[in-house]
Enquirer: 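If you scroll down you'll find the structure; I have some questions about it.
Chain letters run A, B, ... following the sequence lines, proteins first and then strands; every chain starts at 1. Heavy-atom basis, side chains included; hydrogens, waters and symmetry copies ignored.
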Amino acid sequence: MLVLKILGGILIIISSILIGLIKAKDFEKRTADLRDIISILQVLETEICYKSNILSVAMLNCAQLKSGSNTASFFKRASELLENRDMSSEEAWHEAVTKNIKKTSLREEDLQILLCLGNSLGTSDYEGQIKNIGFIIKQVDGQVAKADAECSKYQAMYRKLGILSGIAVVIMLF
Amino acid sequence: MSSKVFDLSFDEQLSIKIERTLLPFLPKYISSSIRKLPGLRIKKLEEIRLRAQSPVMLSTGDGQAFLGNDGNIIFNSDEALYITTDDINKTLEMMCEFSVYAFGEDIKNGFITLKGGHRVGISGRAVSDGGNVKTIKDISSLNIRISKEVLGCANKLIKFIVKDSKSIYNTLLISPPKCGKTTMLRDITRLLGDGNKELGFDSMKVSLIDERSEIAACYKGVPQNHVGISTDVLDGCPKQEGMLMMLRSMSPEVIVTDEIGSTGDYEAIQNIYNAGVSLVTTAHGYNISQLKSRKEVLRLIEDHFFDRFIVLDNSKGPGTVKEIVDGCTMEVIYKC
């Protein structure tokens with residue numbers, strides 16, 4: 001009986017440690033996703049302003065360049081929607097972002113910033129595009145700083161919390 | 001040689017081309033009506049004019065008429081299909097592939113080219129800055145000119161242009177608007193680029209400077225029209241600069257470009273002449289004497305740059321060759 005109890009206890013502790021680690025990892029993932037967004041947006045700016053590619057091609061190229069990233073799915077989907085010609089660039093971007101945001105670790109506040117990108121996506125001259133993308137990059141940059149601060153603050157806490165809560169539960173059960 | 005050089009007969013190709021390259025951009029109610037147009041109408045269709053809050057107008061060789069609800073042609077504007085300002089804007093955005101920035105230069109010049117080579121003229125309120133037009137806003141009219149590629153239309157004309165199997169005469173095509181000047185130039189380019197054993201000349205290295213994207217109608221860099229296998233296309237480049245660039249970079253035997261006559265063309269053409277490269281080009285005009293009133297073209301004519309003048313008109317349908325004149329002796333070689 002005692003063996004079973006000890007085994008159960010160990011299982012609880014291990015799983016709570018894992019939950020803590022996953023929670024802690026989420027912070028890291030969010031910063032990584034935000035950083036990916038920034039670098040993809042920089043590529044998008046190049047695609048638009050220097051290569052002068054049309055939006056759907058520019059977005060597809062961005063997605064392919066960063067195909068390892070979760071956030072590439074926004075650009076891939078938006079590109080597909082634009083190719084279908086059913087909706088405007090803004091609508092396509094909104095749909096692509098809102099439908100794929102769950103695949104990433106981004107939050108509601110990040111989503112709102114990303115949606116702003118749609119406002120003048122493709123509908124102005126180069127200058128306007130540079131300004132728009134630059135503005136979004138700046139805002140995402142701010143989110144990165146915030147996420148970094150949160151990460152260092154809460155990451156260690158969640159790890160410790162995982163271990164401690166596991167031990168606490170086991171002690172209470174015994 | 002028959003006086004009518006090419007026949008714009010209706011073929012499946014044209015309606016397929018319109019279906020693929022034009023209708024997806026138009027609002028659904030207009031495209032579905034155009035789809036129902038009888039084949040003969042499509043064959044004659046030259047322009048589709050969209051004006052904000054006005055009836056959709058179709059322009060054919062015979063004149064103008066309104067587009068009705070069910071693919072019928074009507075002359076009473078009350079029953080015609082109307083298009084809203086909003087739909088005009090949407091149409092243009094779609095034609096720009098949602099990338100207005102990429103078409104900024106084109107919009108500034110007043111037209112964009114669609115995949116398939118159709119040219120869309122834009123009118124609205126110009127935004128200017130220090131005398132130069134920056135862009136056009138509040139778009140009120142779109143004029144879609146349907147591109148018609150007529151393969152083989154220059155087959156009978158080409159023997160007047162080719163000197164021997166490896167070289168050609170410097171040629172100027174003269175024609176008023178809508179008489180098939182660009183169509184003819186395109187087919188000449190194709191013939192020279194491909195070469196033709198039956199007509200007795202080899203394929204030549206042709207450099208095509210397609211300033212308005214009308215001849216090759218490049219879409220994403222790939223010519224949508226047939227311009228020959230050994231033809232290099234410089235798309236969207238200003239003519240004068242383009243001619244010199246191609247001369248330097250592609251070592252052409254023939255340079256083809258459209259609509260000469262602006263200041264500076266003389267110097268560029270002189271460069272081509274000095275390099276021993278042949279030129280085929282076009283100019284707006286009704287006849288040679290009228291062309292002489294244009295200073296830049298007059299200098300070219302007086303200096304005998306051109307060996308052949310080919311005058312087109314519309315008397316027996318687009319592409320009728322009115323006369324062909326030897327540029328040195330000014331003798332008429334062929335007359336309709």
Side-chain angles (χ1 to χ4, degrees), chain A residues 41-64 74-97 115-136, chain B residues 19-28 30-32 84-109 112-116 120 122 124 126-129 132-139 213 218-222 224 234-237:
Chain A
L41 285 178
Q42 279 162 343
V43 177
L44 184 67
E45 193 180 312
T46 319
E47 285 283 332
I48 286 178
C49 297
Y50 301 104
K51 295 195 184 163
S52 197
N53 276 330
I54 58 166
L55 202 55
S56 57
V57 176
M59 287 204 155
L60 190 66
N61 289 351
C62 286
Q64 280 167 351
F74 301 156
F75 295 87
K76 190 154 184 280
R77 183 72 189 135
S79 165
E80 287 165 5
L81 289 172
L82 285 176
E83 284 283 332
N84 290 345
R85 297 203 184 105
D86 281 340
M87 42 177 90
S88 73
S89 53
E90 186 174 359
E91 288 162 351
W93 176 246
H94 273 225
E95 164 137 2
V97 174
L115 290 183
C116 286
L117 181 69
N119 289 348
S120 72
L121 198 60
T123 53
S124 65
D125 57 359
Y126 293 106
E127 226 172 289
Q129 296 299 308
I130 294 178
K131 270 187 196 155
N132 183 31
I133 296 174
F135 174 69
I136 302 295
Chain B
E19 172 72 42
R20 274 202 206 138
T21 56
L22 185 60
L23 297 188
F25 300 112
L26 297 175
K28 293 239 157 61
I30 294 177
S31 59
S32 65
T84 60
T85 319
D86 209 31
D87 280 338
I88 293 237
N89 282 323
K90 270 191 199 153
T91 305
L92 183 66
E93 249 178 59
M94 250 197 273
M95 284 171 170
C96 291
E97 313 255 357
F98 309 107
S99 314
V100 175
Y101 55 85
F103 291 85
E105 265 319 295
D106 297 352
I107 291 176
K108 211 191 279 183
N109 290 330
I112 59 174
T113 305
L114 301 183
K115 183 178 179 178
V120 182
I122 302 161
V127 183
S128 60
D129 180 25
N132 294 321
V133 176
K134 257 174 75 182
T135 183
I136 299 176
K137 65 169 185 176
D138 303 337
I139 310 292
S213 310
C218 287
Y219 178 79
K220 293 182 187 170
V222 181
Q224 300 295 308
L234 184 61
D235 185 38
C237 183

Enquirer: Please list, in residue-number order, every residue in residues 120-132 of chain A that has a heavy atom less than 4.5 Å from any heavy atom of chain B; write 'none' if there are none.
Expert: A:L121, A:G122, A:T123, A:S124, A:D125, A:Y126, A:Q129
Enquirer: Measure the spacing between CZ of B:F98 and CG of A:L55 and express it to the nearest 0.5 Å.
Expert: 9.0 Å
Enquirer: Heavy-atom distances under 4.5 Å only: say whether A:M59 touches chain B with side chain, backbone, both or neither.
Expert: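 Neither; nothing under 4.5 Å.
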Enquirer: Chain A: which of B:A102, B:C96, B:G104, B:S99 shares the most heavy-atom pairs with it under 4.5 Å?
Expert: B:S99
Enquirer: Kindly give the heavy-atom pair with the smallest separation between B:Y101 and A:I54, and that separation in Å.
Expert: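 Reported closest heavy-atom pair: OH-C, 3.5 Å.
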Enquirer: Say you draw a straight line from CD of A:E83 to CD of B:E97; how long is it, rounded to the nearest 0.5 Å?
Expert: 7.0 Å
